[in-house]
**Student:** 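Have a look at the structure that comes next, please.
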Amino acid sequence: MEKQIKKVVEILAKAKNVVALTGAGMSTESGIPDFRSPGGLWTKIDPGEFSIDRFLQNPSRFWRLNLRLKQSGEFDLASAKPNPAHLALAQMERLNILKCLITQNIDNLHQRAGSVEVVEFHGNFLRAVCLKCKALEPIDDVEERIMSGQEETPRCLKCGGVLKPDAIFFGEAIPSRALMISQIQSQKCDVLLVIGTSLQVFPAAQIPIAVKIKAPPATVIEINREPSALHEQVSDMLLIGSASEIMTKIINRLEGELS
Ligand code: APR
């Protein structure tokens, strides 16, 4: 691993345009389960619960499930804290090495770690959006209204429309701005860091493919507990282990190189 870390640092120090693509494996060390590992969220609940069709059929059923997952601690985003992997990526941005961070995660931990150029590819679960007028509200306020029994199905304070977490549910389109910025950044990048994602969900998984087929192809460095579904196809380097441990070693060496 040390040899790999040294090589990664050399590549990052020379790179002109580093982009990161992150997944749920970034946040497991913050206490948020990922989706497909043993014990992941989809091993406990049906992913269909997070489909837009099922939400629209019965919004209050989803909001009750959301509260149950939060109160049981099974999926409690609000109390999670950024871990060293999040902090390392924020530092990489401050060192002007990381130009853009595209995340599939909806937990807001990259932003709380200090990352600024963050593309929320799957939205953000800490906000609620009105399906009618698109107004946004902090999800804590909405959950407060549900827990105090004020309303079964949370309604928009502005227009009375149905509120939904501002995360992209299965069957929903990726936000057009996120898609556009990701495409532009993928075309510009010369190194793509792929951290903590199984690369099983499209169109996010299209990003490493896109950076490999462009000319000249970018270097793809994968950091994961296990090889992702596309590692044979896209990864030039695969560092197996904890995102926190590996990213901390990388940022420490990078700072040493640049000082
Ligand atoms: N360090 C490194 N890798 C980790 C760690 C860790 N601490 N913890 C888990 N991983 C790895 C797992 O081995 C797995 O390969 O992260 C990956 C997480 O994969 P998934 O659970 O499939 O999560 P993700 O790839 O982000 O899922 C993509 O699917 O369900 C949808 O919208 C949801 O954004 C999500 C998308």
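Treat the numbers as computed from the prediction; the structure is a model and nothing was measured. Order of listing sets the numbers, starting from 1, for every ligand and every atom in it.
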**Student:** Can you tell me which residue and heavy atom of the protein come closest to atom 11 (C) of ligand 1, and the distance to 0.1 Å?
**Tutor:**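 Heavy-atom neighbour on the protein nearest atom 11 (C) of ligand 1: Asn224 OD1, 2.9 Å.
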**Student:** Among protein heavy atoms, which sits nearest to atom 34 (O) of ligand 1, and what does the distance come to when rounded to 0.1 Å?
**Tutor:**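 Sorting protein heavy atoms by distance from atom 34 (O) of ligand 1 puts His122 ND1, 2.9 Å first.
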**Student:** Between Arg127 and Asp140, does any side-chain N to carboxylate O distance fall below 4.0 Å?
**Tutor:**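 Salt bridge flag = no for Asp140 with Arg127.
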**Student:** Measure the distance from atom 28 (C) of ligand 1 to every protein heavy atom, then report the residue, atom name and distance (to 0.1 Å) of the closest one.
**Tutor:**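 It is Gln104 OE1, 3.3 Å.
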**Student:** Quick one: which ligand 1 atoms are inside 4.0 Å of a heavy atom on Glu29?
**Tutor:**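 Those atoms are 1 (N), 6 (C), 7 (N).
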**Student:** Out of all atoms in ligand 1, which are within 4.0 Å of some heavy atom of Gly23? Include the element for each.
**Tutor:**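 Contacts of ligand 1 toward Gly23, numbered from 1: 26 (O).
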**Student:** Below 4.0 angstrom from a heavy atom of Ala243, which ligand 1 atoms are there? Numbered from 1 as shown, please.
**Tutor:**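 Per the distance check, 1 (N), 2 (C), 6 (C).
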**Student:** Are the aromatic rings of Phe50 and Phe170 close, with centres under 6.0 Å apart?
**Tutor:**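 No, the ring centres sit 6.0 Å or more apart.
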**Student:** Would you mind listing which atoms of ligand 1 come within a distance below 4.0 Å of any non-hydrogen atom of Ser242?
**Tutor:**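 Counting from 1, the qualifying ligand atoms are 1 (N).
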**Student:** Can you pull out the closest protein heavy atom to atom 33 (C) of ligand 1? Residue, atom name and distance to 0.1 Å, please.
**Tutor:**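 Among all protein heavy atoms, the one nearest atom 33 (C) of ligand 1 is Phe35 CE1, 3.7 Å.
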**Student:** Taking the side chain from Lys44 and the backbone from Glu74, do they hold a donor-acceptor pair closer than 3.5 Å?
**Tutor:**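 No.
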**Student:** So which heavy atom in the protein is nearest atom 3 (N) of ligand 1, and how far is it from that ligand atom?
**Tutor:**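 The protein heavy atom lying closest is Arg225 N, 3.1 Å.
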**Student:** For atom 36 (C) of ligand 1, what is the nearest protein heavy atom, given as residue, atom name and distance?
**Tutor:**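 Answer, as residue, atom name and distance: Val201 CG2, 3.8 Å.
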**Student:** Should Ser37 be listed as contacting ligand 1, given a heavy-atom distance under 4.0 Å as the test?
**Tutor:**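 True for this residue.
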**Student:** With the side chain counted from C-beta on, respond yes when Lys7 and Ile221 share a heavy-atom pair under 4.5 Å apart, and no when they do not.
**Tutor:**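 In short, these two side chains do not touch, never coming nearer than 4.5 Å.
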**Student:** Between Arg253 and Glu2, is the closest basic N to carboxylate O distance under 4.0 Å?
**Tutor:**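 Salt bridge: yes.
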**Student:** Touching ligand 1 at all, Gly241? Heavy atoms, strictly under 4.0 Å?
**Tutor:**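 A heavy atom of Gly241 does come that close to ligand 1.
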**Student:** Counting only heavy atoms, which portion of Arg36 has something under 4.0 Å from ligand 1: side chain, backbone, both, or neither?
**Tutor:**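 The part of Arg36 near ligand 1 is both the backbone and the side chain.
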**Student:** Under a 4.0 Å N-O cut-off, is there an ion pair linking Arg112 with Asp107?
**Tutor:**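 The answer is no: the pair does not qualify as a salt bridge.
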**Student:** Atom 26 (O) of ligand 1: which protein heavy atom is closest, and how many Å away?
**Tutor:**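 Of the protein heavy atoms, Ala24 N, 2.8 Å lies nearest.
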**Student:** Where on Trp42 is there a heavy atom closer than 4.0 Å to ligand 1, on the side chain, on the backbone, on both, or on neither?
**Tutor:**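 Looking at Trp42 and ligand 1, just side chain atoms fall under 4.0 Å.
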**Student:** What protein heavy atom is closest to atom 5 (C) of ligand 1, reported as residue, atom name and distance in Å?
**Tutor:**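 Looking at atom 5 (C) of ligand 1, the protein heavy atom closest to it is Gly25 O, 3.3 Å.
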**Student:** Which of the atoms of ligand 1 are close to Asp34, meaning less than 4.0 Å from one of its heavy atoms?
**Tutor:**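 This gives 9 (C), 12 (C), 18 (C), 21 (O) as the contact atoms.
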**Student:** So which of His86, His110, Gln104 actually passes side chain to side chain donor-acceptor pair (under 3.5 Å) with Thr22?
**Tutor:**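 The side chain to side chain donor-acceptor pair (under 3.5 Å) with Thr22 is passed solely by His110 among His86, His110, Gln104.
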**Student:** Hey, does Ile174 have a side-chain heavy atom less than 4.5 Å from the side chain of His122?
**Tutor:**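 Contact flag for His122/Ile174 side chains = yes.
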**Student:** For ligand 1, is there an N or O atom under 3.5 Å from any N or O atom of Phe170?
**Tutor:**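 Among all N and O atoms of Phe170, none is under 3.5 Å from an N or O of ligand 1.
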**Student:** Would you say the side-chain atoms of Glu255 and Gln91 include a donor-acceptor pair closer than 3.5 Å?
**Tutor:**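 Looking only at side-chain atoms, Gln91 and Glu255 do form a donor-acceptor pair, the distance falling under 3.5 Å.
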**Student:** Yes or no: does Phe121 have any heavy atom under 4.0 Å from an atom of ligand 1?
**Tutor:**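 In this structure, Phe121 fails to qualify as a contact of ligand 1 - no heavy atom is under 4.0 Å.
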**Student:** Relative to Phe62, does Lys164 satisfy both conditions: NZ or CZ under 6.0 angstrom from the six-membered ring centre, and within 45 degrees of the ring's axis?
**Tutor:**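 Ring-cation test returns no.
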**Student:** So which bit of Thr197 gets within less than 4.0 Å of ligand 1, heavy atoms only: side chain, backbone, both or neither?
**Tutor:**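 Both the backbone and the side chain of Thr197 come within reach of ligand 1.
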**Student:** Side chains of Phe55 and Trp63: does their closest heavy-atom pair fall under 4.5 Å?
**Tutor:**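 Yes, side chains in contact.
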**Student:** Following the transitive rule for hydrophobic clusters with a side-chain heavy-atom cut-off under 4.5 Å over Ile, Leu, Val, Met, Phe, Trp and Tyr, establish whether Ile168 and Leu131 coincide in one cluster.
**Tutor:**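 Not linked; separate clusters.
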**Student:** Just jot down the ligand 1 atoms closer than 4.0 angstrom to any heavy atom of Glu226, in number order.
**Tutor:**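 Going through ligand 1 atom by atom, the ones under 4.0 Å from Glu226 are 12 (C), 13 (O), 14 (C), 15 (O).
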**Student:** Indicate yes or no: at least one non-hydrogen side-chain atom of Lys132 is less than 4.5 angstrom from one of Lys158.
**Tutor:**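 Not in contact.
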